[in-house]
Protein chains: 2
Amino acid sequence: MRPFKHPKIEDVALEHVLHALSDPLRMEIVRQLADEGEASCTALDRGRPKSSMSHHFRVLRDAGLVSTRNDGTVHMNSLRRDDLDKRFPGLLTAVLSNAGK
Amino acid sequence: MRPFKHPKIEDVALEHVLHALSDPLRMEIVRQLADEGEASCTALDRGRPKSSMSHHFRVLRDAGLVSTRNDGTVHMNSLRRDDLDKRFPGLLTAVLSNAGK
DNA sequence: TCTATAGTTCGATAAATTTCGAACAATAGC
DNA sequence: GCTATTGTTCGAAATTTATCGAACTATAGA
């Protein structure tokens with residue numbers, strides 16, 4: 001499996017970030033990544049099938065929120081926090097501090 | 001025309017706010033309301049038909065972002081900034097300071 | 001090489017969203 | 001009451017999104 005394509009942070013649109021975060025499952029994923037650092041896809045499913053999770057991680061990657069690296073058979077996902085803080089100062093902090101509401 | 005129903009601010013979900021803001025036209029509306037205070041629906045259309053604007057304003061109202069009051073035949077819309085700042089501290093500021101990106 | 005594991009991709013279906021014209025409702029002003 | 005203005009509601013079509021099973025790919029380890 002080839003490494004994934006991640007958008008350059010300057011190409012990331014606020015609109016896409018907000019859309020990615022407007023799904024409860026994706027918000028929960030982002031929240032957990034913020035709390036716990038890296039995580040594999042299966043570590044964050046909630047009994048949902050792999051194909052659904054794969055879809056959501058792709059949305060998060062395409063929106064510039066998440067970075068995925070290959071480690072053996074496992075895909076480790078992490079929040080692109082530094083990138084996002086640079087591109088949209090204060091946004092992630094505000095969102096995460098209000099997440100779950 | 002009866003006054004509109006606006007959700008109580010404590011019933012507003014972050015998820016719905018982010019979804020409402022993930023549309024470029026709605027983001028632009030919110031941005032202008034933040035800049036210029038109240039505005040009528042037609043003042044913010046961009047050549048779009050009335051029914052489309054009405055739809056977007058309804059999404060914004062239902063998401064708790066916008067308040068609409070009746071003034072004669074005109075509907076004046078304003079951002080529920082105080083309510084939103086209370087419910088989601090820092091969120092609107094962060095979004096608006098990054099809007100347009 | 002064989003097998004188990006992790007995740008992607010494909011295809012189909014269902015649900016939600018966007019868009020806009022047309023008909024309708026409410027108010028202001030004459 | 002009549003008319004113009006503002007905006008809503010309805011209905012339909014087009015697009016996007018979510019969901020999930022099934023087939024497939026890639027890697028680790030025995």
Side-chain angles (χ1 to χ4, degrees), chain A residues 1-7 13-30 32-33 36-78, chain B residues 1-7 13-30 32-33 36-78:
Chain A
M1 186 136 302
R2 272 177 237 80
F4 292 101
K5 280 208 311 192
H6 297 92
L14 179 59
E15 169 190 345
H16 295 152
V17 171
L18 297 181
H19 171 254
L21 291 172
S22 72
D23 178 274
L25 176 54
R26 288 194 294 259
M27 175 65 91
E28 202 32 48
I29 290 173
V30 166
Q32 274 195 242
L33 291 179
E36 305 166 14
E38 279 191 328
S40 69
C41 298
T42 42
L44 299 179
D45 66 6
R46 295 271 199 281
R48 283 174 193 74
K50 307 182 289 181
S51 53
S52 295
M53 295 308 289
S54 195
H55 161 71
H56 287 298
F57 275 106
R58 190 150 103 82
V59 172
L60 288 168
R61 265 195 309 272
D62 291 350
L65 276 161
V66 162
S67 158
T68 307
R69 78 180 167 82
N70 269 325
D71 180 19
T73 66
V74 175
H75 293 188
M76 289 306 270
N77 302 284
S78 55
Chain B
M1 185 136 303
R2 273 177 238 79
F4 293 100
K5 280 209 312 191
H6 297 91
L14 179 59
E15 169 190 344
H16 295 150
V17 171
L18 297 182
H19 170 254
L21 290 172
S22 73
D23 177 275
L25 176 54
R26 288 193 295 259
M27 175 66 90
E28 200 36 46
I29 289 172
V30 166
Q32 275 195 244
L33 290 179
E36 306 167 13
E38 280 191 328
S40 70
C41 297
T42 43
L44 299 179
D45 65 8
R46 294 267 200 285
R48 283 174 194 75
K50 307 181 290 179
S51 53
S52 296
M53 295 308 289
S54 194
H55 161 72
H56 286 298
F57 275 106
R58 189 149 104 82
V59 172
L60 288 169
R61 264 195 309 272
D62 290 350
L65 276 161
V66 162
S67 157
T68 307
R69 77 180 166 84
N70 270 323
D71 180 18
T73 66
V74 176
H75 293 187
M76 289 306 270
N77 302 284
S78 55

Can you tell me if [X] touches the phosphate of [N], counting only side-chain N or O atoms and a distance under 4.0 Å to OP1 or OP2?
| X | N | value |
| --- | --- | --- |
| H55(B) | dT17(C) | no |
| R58(B) | dT19(C) | no |
| T73(B) | dT5(D) | no |
| R61(B) | dT8(D) | yes |
| S52(A) | dC20(D) | yes |

Within a strict 4.5 Å, meaning less than it, do heavy atoms of the S67(B) and R61(B) side chains meet?
no
Separation of [Y] [atom2] from [X] [atom1] (nearest 0.5 Å):
| X | Y | atom1 | atom2 | answer |
| --- | --- | --- | --- | --- |
| L18(A) | R26(B) | CG | CZ | 11.0 Å |
| D23(A) | E15(B) | CG | CD | 7.0 Å |
| H16(A) | S22(B) | NE2 | OG | 9.0 Å |
| L14(B) | L21(A) | CG | CG | 8.0 Å |

Output the rounded distance in Å from [atom1] ([X]) to [atom2] ([N]).
| X | N | atom1 | atom2 | answer |
| --- | --- | --- | --- | --- |
| E28(B) | dT18(C) | CD | P | 16 Å |
| D71(B) | dG29(C) | CG | P | 11 Å |
| F4(A) | dT25(D) | CZ | P | 15 Å |
| N77(A) | dT8(C) | CG | C1' | 13 Å |
| D62(A) | dA18(D) | CG | P | 12 Å |
| L25(B) | dC20(C) | CG | P | 10 Å |
| M76(B) | dT27(C) | CE | P | 17 Å |
| N70(A) | dA6(C) | CG | C1' | 10 Å |

Do you see a donor-acceptor pair shorter than 3.5 Å between the side chains of N70(B) and H75(B)?
yes
Under a 4.0 Å heavy-atom cut-off, which of residues 41-50 of chain B touch DNA chain C?
P49(B)
Quick one: on DNA chain D, does S51(B) or S51(A) contact a more 5' nucleotide (nearest heavy atom)?
S51(B)
In short, salt bridge (charged side-chain N to carboxylate O under 4.0 Å, His left out) pairs touching residues 47-57 of chain A with sequence neighbours left out are none
What does H56(B) touch in the nucleic acid at a heavy-atom separation under 4.0 angstrom: a base, only the sugar-phosphate, or nothing?
sugar-phosphate
Name the closest nucleotide to the H19(B) side chain, picking from dT6(D), dT18(C), dT9(D).
dT18(C)
